[in-house]
Each structure stands twice: as C-alpha cells, then as structure tokens.
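A quick write-up on the structure given underneath.
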Amino acid sequence: MASNDRVRVRGVTIHRPVIYGNTAWVLTPKEREALPSSDHTHRWTVAVRSAASSPDSDIVGGADDLSYFIKRVTFKLHDTYPNPNRNVDKPPFEVSETGWGEFEITIRINFVTESGEKAVTFYHHLKLHPWTASGSGEPEIPSLEAAAKAGPVHSWQYDEIVFNDPYQIFLNILTAHPPTPLPKHKRRPIPFHTANPASLEASKGGTPEFTQEMEREEAERLEKALKTIVEDTHKWRNKLIEKENESNRLKKELEAALQS
Ligand code: SLL
C-alpha cells in the first residue's frame, strides 16, 4: 500500500445508492408438497442491491455488482429459522427462504478492508402479504388464492451509503466504479412505500423500478415533513412558555395567599 493510501481525503463526501428489501411469492400447492414443512406458504428473497435495475430484468435493482465496496452482508432472520445469522460474502448479496410469517430482518453491511469503514445496519420488515387499501381501516390479509393471482409482493427501500473523508485508496476504488444512473422518469411501476401511501396505485402491475423522479419526490416529502416538525416545535415551545408563565403566576398568588 502506498503511504498516501492511508490518508483520509478531508472534505470529500461520496455516496453509493443502494436498495434493500424483499420480494415474496405465494407457493403453489405442488411447491408446498415438496417442502419438509407443510405450514410454509411463501418463498421470499431478501437482498441488498444497487438501486438501478438492469433493462428488461424482472429483478428490482441489481444492475451493478456491489462487491467492489461491500465485503459481506449478514442477514439476521427470525429465530424460528435454522442458523438465523446468514453471512453472504459474494454477490448477489441475498438470502432466499420459504416460510409462513413476516418479521424484522437486520441487515448488516461490512465494507471492503481498504475502506477502513465501520459496518452499517439496516432494518427491513419482511413483507409477504400484498398491500391493501391505503390508510382506510385495518389492513386485511387477503386469501392466498387472491394473493397468488395478484403476483409477487415487492417491498424495497432506497438509501444512500455515505462515506465522509474516505481513505485515498477507497476513494480510488469508488471513483473507478460509478453507479449506473437511475432512469429519469417512470418506465415501470414504482416501488410502493408506506411513507407515501399515494404510491399504491402507481406500484401496481409488474416489477417496480426506482427513478430519479422518485428520489426527488422523496426529498421533497422529507423537506415538507421537516418544515411541519419545525413549525410544530415552535408552536409547542410557545405553548410551554405560556404555561410556565401561568404556573409561576399561580405559584406567586398561592404564596401570597398563604402569607396573608
Ligand atoms: C409472526 N412474529 O408471528 C412473526 C414471526 C416467523 C416466521 C414470524 C419460519 C418457518 C420455519 C417462519 O416463517 N418464521 O419454521 O422454518 O408472524
């Protein structure tokens, strides 16, 4: 390693877009018969992938091989699974299983040694059942027959892994592998996300794909939410001051009354 490889490049921030999540399919009666556990209803794949999809692929994301910066992904499954900690040391960074229930999966990403970076952790709720009406009443789990007809369930989250002040050697590796850009506009259904219930309709009808448009819309939603939080914080702070003043006034009145 050259001596300047160990040097951090101050002031540089570089990121890589990734998606994490799962796709799930209802098992056919034949597939169920072939399994040792007859109570399993679904087949699913949980994965970490590049955000961009390959053209004409029915896989969500995954256009780029991420092993130039990811060394290992550990998927921590529910304890009902044998060996719940699944280490994946080469691409594709994914685990496929069958099962009957939804649960939280912890996804730990370790970076290549040259990076000197600490692991990052994502949490993903494994989704098996199709999304139902947005926000109206209790979500219902449709029958397996209905779900099988509706096609695979996709639940994917876009995120950006950010590296601040990277080591020179790692920066060289990253810049040698620019990510495939996302398509500007919608070519396929968009990935549904609970933070954006309005996306339910646009998510229907095939393999979803992330776009630059979605990324921008999500940034706008976050900005709007932040504005609301700031406004609310101001409002409640003013209320608090008002109440504190009132409390002080009452305390004084009470003291005066006790002394007289
Ligand atoms: C639930 N809290 O009750 C969740 C737990 C666990 C799902 C879901 C394992 C199958 C196996 C499986 O599907 N676990 O035993 O191999 O819905």
Side-chain angles (χ1 to χ4, degrees), residues 18-49 53 57-62 66 70 72-110 119-159 189-201 203-204 206-208 210:
V18 296
I19 59 166
Y20 58 92
N22 80 277
T23 299
W25 301 261
V26 175
L27 291 170
T28 64
K30 254 216 175 79
E31 286 172 317
R32 288 183 69 160
E33 272 169 37
L35 289 175
S37 348
S38 59
D39 57 342
H40 288 195
T41 50
H42 291 77
R43 173 165 66 87
W44 49 260
T45 297
V46 59
V48 175
R49 297 183 181 144
S53 302
S57 159
D58 61 0
I59 291 174
V60 186
L66 302 181
I70 293 179
R72 161 179 285 186
V73 180
T74 305
F75 298 90
K76 165 91 174 67
L77 309 183
H78 195 264
D79 287 335
T80 46
Y81 282 92
N83 316 313
N85 281 299
R86 307 290 176 87
N87 292 324
V88 184
D89 293 321
K90 55 181 194 310
F93 295 106
E94 60 185 44
V95 167
S96 295
E97 268 293 354
T98 62
W100 50 264
E102 300 186 343
F103 57 92
E104 177 116 311
I105 300 180
T106 305
I107 304 172
R108 196 174 159 81
I109 302 178
N110 282 281
V120 303
T121 304
F122 293 133
Y123 300 91
H124 174 67
H125 181 85
L126 177 72
K127 184 116 189 75
L128 303 183
H129 308 294
W131 308 96
T132 49
S134 44
S136 58
E138 281 293 298
E140 278 172 37
I141 297 181
S143 71
L144 284 177
E145 291 74 25
K149 275 209 196 94
V153 165
H154 298 282
S155 178
W156 296 92
Q157 175 66 51
Y158 175 92
D159 212 326
I190 66 163
F192 174 76
H193 197 269
T194 41
N196 178 19
S199 66
L200 184 62
E201 273 314 305
S203 72
K204 288 182 177 163
T207 308
F210 286 85

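In listed order, ligands and their atoms are each counted from 1.
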Task: Side-chain heavy-atom pair V153, L128 within 4.5 angstrom cut-off - done: no
Open item on the list: A side-chain contact here means heavy atoms from C-beta on lying under 4.5 Å apart; do I105 and L77 qualify?
Closed with: yes
Open item on the list: Show me the pairs that pass salt bridge (Lys or Arg N to Asp or Glu O under 4.0 Å) and involve residues 84-94, at least two apart or across chains.
Closed with: R49-E94, R72-D89, R86-E97
- [ ] Check whether any side-chain heavy atom of K204 lies under 4.5 Å from a side-chain heavy atom of P189, and answer yes or no.
- [x] no
Task: Test item: H42 and H129 side chains (from C-beta on) under 4.5 Å apart, heavy atoms - done: yes
Open item on the list: Students should find this: residues with any non-hydrogen atom under 4.0 Å from ligand 1. What is the answer?
Closed with: H40, H78, T80, Y81, G99, W100, G101, E102, F103
- [ ] Taking the six-membered ring for Trp and the full ring for Phe, Tyr or His, determine whether the centres of F75 and Y81 are under 6.0 Å apart.
- [x] no
